[in-house]
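What follows is one structure encoded as C-alpha cells, with my remarks underneath.
Each chain gets a letter, A, B and so on, in the order the sequences are listed, and its residues count up from 1. It should be emphasised that the depicted structure is a prediction, and the values quoted were computed from it without experimental measurement.
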Amino acid sequence: MPKIQSPPGMRDFYPDDMRQQNWLFDAWRDVSRSFGFVEYEGPIFEYLDLYKLKSGDGIVSELFHFQDRGEREFAIRPEMTPTLARMIAARANALPRPIKWFSIPRMCRAEKPQKGRLREFFQWNADILGLDEMIADAEVIAVVVAFLRRIGLSPSEAVVKVSSRPLAARLLESIGIAPERQGGAFDLIDRMTKTPAAEFDKKWNDEFGGSAPAARLRSVFRQSSLADAEAALGGIDGPAREAFADLWNFLKAFDVADFCRFDPGVVRGIAYYTGTVFEVHAADRSHRALAGGGRYDNLTGLLDGPNVPGVGFGMGDAPIQSLLADLGRTPKLDEALDAFLIDADARFFPQLMAVANRLRANGLRADFSYKRQALGKQFKQASSRAARVAVIIGEEFEQRGELIVKNLATGQQQAVAIEELATELSRL
RNA sequence: GUGAGUGUAGCUCAGUUGGUUAGAGCACAAGGUUGUGGUCCUUGGGGUCGCGGGUUCGAGCCCCGUCACUCACCCCA
C-alpha cells in the first residue's frame, strides 16, 4: 500500500497539538463570554450560491466544492459571515437586540499553503448585530485586545491598527482624489506596506500623481494618530471625523487604547466594509494579519433579509500559534492525572481496580499500569504520566484498609484510609 | 497558477574527493531494581537515504525527471 500523508495544508492534531489548540479555544471562549457573547455554530458546508452571492463567481476557484447525488452544488465554508448572515436573516425579527454572537468554525480554502495560512483552519468570529453605534465597534475591538492580554501579549508585541472607511475616503478627498477614483486608490494603498517604496511611488504617481503626488499621500497615510494626520492636512471635519473621535473615546473607556493605533492604510477590501475597519498585526510585522474586522451596514441585504447592521472580526488559529511559537510564548501544558495507582504485589491488583473505580466515580482522573511489575517501574509510569500523587495498594491496605499516598512533586507520603482517599485527593 | 529553497530513523541532524554492513542525540521499548519515581547504566526495535531513471566497477553523495514540504508572489472573503 502506498504511503499516504495528510492532504496539503491540513494538519494532524496529536495530543500535544490538541492541548495547544484547546488552550487557544478556551481563551477565545472565555474572553467572548466575559463580554456577554453567546456561541453559535452552522453547517460545515453551504450551498455554493451563498458564497457566489457575496463574493462573485470568481470565488469558486478558491473553494472546495462538490455536487451531491441530486446535483446540488455545495462548498465547504471558507468563512463564517455568509452563514451568520443566513442565520440572522432567517430570524432577524425574532432575535432580541443587541445580538452578540461568537463562533469557532473550522473552514477550508483551496489555497496554496504558506506561513500562517493553511487550507484548513479554525477562525474565531465575534459579531455585534442590530446596533449601529460606535460603542459596538469599540467593544468588538476591546474583545480582541482582551484576548491579546489573556495570552500574554503586550502592546510592544501586537497592535490593533484602526481606521474607518468613510474617514479614509475623506482623507483621500482632501488631498484631491475624487470619490469615483478612490476604489483604485484603496487597492494600491492596501498594498503599500508590502510594496517597495520606489515601486509604490511610481505606480501611485502614474495613476494619481496628477491629483496628489505619492509624497503627499504618505504624509497623510503614514500617521499613527488622527491628530498627526489632521495636522498634515490642516484639519478635516464632518460626520466621519466625529464618528471616529467617538470610537476613540470608547476605546479609552474600554481601557484598550494602549493597543490601538490609527492607521488609514488599513483598507481590507473595498466592497464589504462600510465603517470602522481594523487589523491586528505582530508589532514586528513578522506575520500576516492576526485578525481583521470592521463594520458592515447591511449584513443580510444580499439575502433579501431585513436590514441588520453589524460589526465583527475573524481571527485565525494558525497565525496566532505561529506568533506565540516565534516569541517562545507557547504555554507548557499537560494532562495530569490526579492519581496513579500502584500495587505492591500482583495479588493486590483486584483491590487496586476497586480503588480506581471508586476514584473515577468521584470524578478524579486515575489510571494504573496494565502490567504487574516492580514498584519502581510503576513509579516511573506515574511520573511520566504527570500524576499528582502515586497511591500504593499493599500490606497496609490488606491489614488496616490504608493506602500510601505519595505526593510526586514533594516526595512526601502518608497513610490514608480508603474512605477518605477521594476527599484527600481533592484537597491535595 | 508562478518562482526559489529543502528532502537521510517518530523529531533535530551528521555522513570526508563517489568506496565494505548508513550513524549520533532526543523519543520509544526491555532490563539493572520482589515497597518508592524524576537524574544514572546496559540492551533493543525502528531506514526503500522522498520516488523513478541515468552516469559509474561502485551512488546517500554526480546528472535528468518527478513528487512532497517550506518560503515568497498572485489572491486574501
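- The nucleotide B/rG5 finds its pairing partner in B/rC69, both defining distances of the Watson-Crick or G-U wobble pair being shorter than 3.5 Å.
- Here the separation of B/rC73 from B/rG18, taken at their P atoms, is 38 Å to the nearest Å.
- Between A/Phe379 atom CZ and B/rU36 atom C1' there is a gap of 4 Å when expressed in whole angstrom units.
- Across all strands, A/Lys371 comes closer than 4.0 Å only to sugar-phosphate atoms, never to a base (heavy-atom distances).
- Taking atom CG of residue A/Asp12 and atom C1' of nucleotide B/rA68, one finds them 15 Å apart after rounding to whole Å.
- Aromatic ring pairs are classed by plane angle as parallel below 30°, tilted from 30° to 60° and perpendicular above 60°; the pair A/Phe208 and A/Trp204 is tilted.
- Ion pair A/Arg11/A/Asp317 flagged as a salt bridge, since at least one NZ, NE, NH1 or NH2 atom sits closer than 4.0 Å to an Asp/Glu carboxylate oxygen.
- The base-pairing partner of B/rG25, taking Watson-Crick or G-U wobble contacts with both distances under 3.5 Å, is B/rC11.
- Taking the six-membered ring where the residue is Trp, A/Phe368 and A/Phe349 present perpendicular rings, their angle passing 60° and hence far from 30°.
- A distance of about 31 Å separates the C1' atoms of B/rA9 and B/rA72, rounded to the whole Å.
- The same atom, P, is picked in B/rG23 and in B/rG45; the two are 13 Å apart, to the nearest Å.
- Atom C1' of nucleotide B/rG35 and atom CD1 of A/Ile342 are separated by 10 Å, given to the nearest angstrom.
- Interatomic distance, CZ of A/Phe122 versus CZ of A/Phe25, reported as 4.5 Å (0.5 Å rounding).
- Base pairing of B/rC75 is not made with any nucleotide, judged by Watson-Crick or G-U wobble geometry with both donor-acceptor distances under 3.5 Å.
- If you take atom P in B/rA29 and the same atom in B/rG50, they sit 28 Å apart, rounded to whole Å.
- Base pairing annotation: B/rA59 forms no Watson-Crick or G-U wobble pair, as no partner gives both donor-acceptor distances under 3.5 Å.
- Straight-line distance from the CD atom of A/Glu395 to the C1' atom of B/rU36: 15 Å, rounded to whole Å.
- Protein atom CD of A/Gln413 is 9 Å distant from nucleotide atom C1' of B/rG35, rounded to whole Å.
- Taking the P atom of each, B/rA68 and B/rC62 are spaced 23 Å apart, rounded to whole Å.
- Residue A/Gln381 is classed as having no contact, given no heavy-atom separation below 4.0 Å to the nucleic acid.
- Under the Watson-Crick or G-U wobble criterion, with both distances below 3.5 Å, B/rU36 is left unpaired in every strand shown.
- Within 4.0 Å (heavy atoms only), A/Gly292 reaches no atom of the nucleic acid at all.
- Distance check on atom C1': B/rU56 versus B/rC64 gives 16 Å, rounded to whole Å.
- Of the P atoms belonging to B/rU21 and B/rA59, the separation is 11 Å, rounded to the nearest Å.
- Using cut-offs of 30° and 60° for the angle between ring planes, the A/Trp124 and A/Phe313 rings count as perpendicular.
- If you take CG of A/Asn407 and C1' of B/rG38, they are 13 Å apart, rounded to a whole angstrom.
- Here A/Glu41 pairs with A/Arg77 in a salt bridge; the nearest charged N to carboxylate O distance falls below 4.0 Å.
- B/rG18 makes up no base pair with any nucleotide shown, lacking Watson-Crick or G-U wobble contacts both under 3.5 Å.
- Checking A/Gln412 against A/Ala374, the closest nucleotide of RNA chain B that is more toward the 5' end is the one next to A/Ala374.
- Between A/Arg295 and A/Asp132 a salt bridge is recorded (basic side-chain N to carboxylate O distance below 4.0 Å).
- Between B/rG60 and B/rU17, the two C1' atoms lie 16 Å apart (nearest whole Å).
- Below 30°, between 30° and 60°, or above 60°: for A/Phe74 and A/Phe66 the angle between ring planes is between 30° and 60°, a tilted geometry.
- A/Lys377 has no side-chain polar atom (N or O) that falls below the 4.0 Å cut-off from OP1 or OP2 of B/rG37.
- Base contact: A/Glu396 has a heavy atom under 4.0 Å from a base atom.
- The residue A/Pro8 sits close only to the backbone: its heavy atoms come under 4.0 Å of sugar-phosphate atoms, none of a base.
- Across the strands present, B/rA30 finds its partner in B/rU42; the criterion is a Watson-Crick or G-U wobble pair with both atom distances under 3.5 angstrom.
- For A/Ser383 against B/rG37, a side-chain N or O and a base N or O form a donor-acceptor pair under 3.5 Å.
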With B for base contact, S for sugar-phosphate-only contact and - for none (protein heavy atoms under 4.0 Å), nucleotides 71-77 of chain B reads SSBBBBB
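- In this structure, A/Asp284 contributes its side chain and A/Ser286 its backbone to a donor-acceptor pair below 3.5 Å.
- Between the side chains of A/Gln381 and A/Ser369, at least one donor N or O lies within less than 3.5 Å of an accepting N or O.
- Here the C1' atom of nucleotide B/rG35 and the CD atom of A/Glu402 are 15 Å apart, to the nearest Å.
- Rounded to a whole Å, the CG atom of A/Asp16 is 12 Å from the C1' atom of B/rG10.
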